[in-house]
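Numbers here simply count residues along the sequence, with the first being 1.
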Amino acid sequence: MSIATQNSSAIVPVQERMDNLKNALTNAMPSIRAVAANALKPERLIKVAVAACSRNPILLQCTASTVVRSVIQACELGLEAGSALGEAYLVPFKNN
């Protein structure tokens, strides 16, 4: 199964998009750690965001940077984006 990127005609496999997202979130861990509330663990926030993207593959059409920004913005508010708690949701809008 593949997802076409909106910015190019290339077809990028879903697993590659997922790996790119995981790498982007892992690289952003210092930023996530800096803004996360004491009760939020950056490792868990990343796992929850990746799980949300696996449940909703349309999120993989978004750029990794917009997903990272959304996760960081949620943790600034003390929320887990995409968790089963329903505190905050990752919602795709076009490719953002």
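- Residues Lys22 and Ile46 fail the side-chain proximity criterion, which asks for heavy atoms closer than 4.5 Å.
- Between Glu43 and Arg33, at least one side-chain N (NZ, or NE/NH1/NH2) sits under 4.0 Å from a carboxylate O, which counts as a salt bridge.
- In this structure, Ser70 contributes its side chain and Thr66 its backbone to a donor-acceptor pair below 3.5 Å.
- Looking only at side-chain heavy atoms (C-beta outward), Gln61 and Ile58 come within less than 4.5 Å of each other.
- Distance alone, capped at 3.5 Å, places no donor-acceptor pair between the Asn56 side chain and the Ala52 backbone.
- For the side-chain contact (heavy atoms from CB on, under 4.5 Å) with Leu21, the lone residue among Leu59, Thr26, Leu60 that qualifies is Leu60.
- The two residues Ala81 and Val48 have their closest heavy-atom pair at O-CG1, 3.4 Å.
- Two residues are said to be in side-chain contact when any heavy atoms from C-beta on lie closer than 4.5 Å; Ser83 and Leu45 fail this criterion.
- Annotation: the span from Ser54 atom OG to Met18 atom CE amounts to 5.0 Å, rounded to 0.5 Å.
- For the atom pair CD1 of Ile32 and CG of Leu40, the computed distance is 10.5 Å after rounding to the nearest 0.5 Å.
- The hydrophobic cluster containing Leu79 does not contain Leu90, counting ILVMFWY residues as joined when their side-chain heavy atoms lie under 4.5 angstrom apart, directly or transitively.
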- Message: Go through it in stages, so that I can follow the logic: the residues are Arg69 and Ile72, the test is side chain to side chain contact (heavy atoms under 4.5 Å, CB included), and I'd like the CA-CA distance, side-chain angles, deciding distance and then a yes or no.
- Response: CA-CA 5 Å; Arg69 279 197 310 252; Ile72 290 173; 5.7 Å; no
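- Around CD of Glu76, the count of heavy atoms belonging to other residues, nucleotides or ligands within 6.0 Å exceeds 12.
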- Query: Does the side chain to side chain contact (heavy atoms under 4.5 Å, CB included) test come out yes or no for Gln15 and Asp19, once each step is laid out?
  - Reply: CA-CA 6 Å; Gln15 187 59 46; Asp19 291 342; 2.9 Å; yes
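- Scanning all heavy atoms of the two residues, the minimum distance from Glu87 to Glu80 falls at OE1-N, 3.0 Å.
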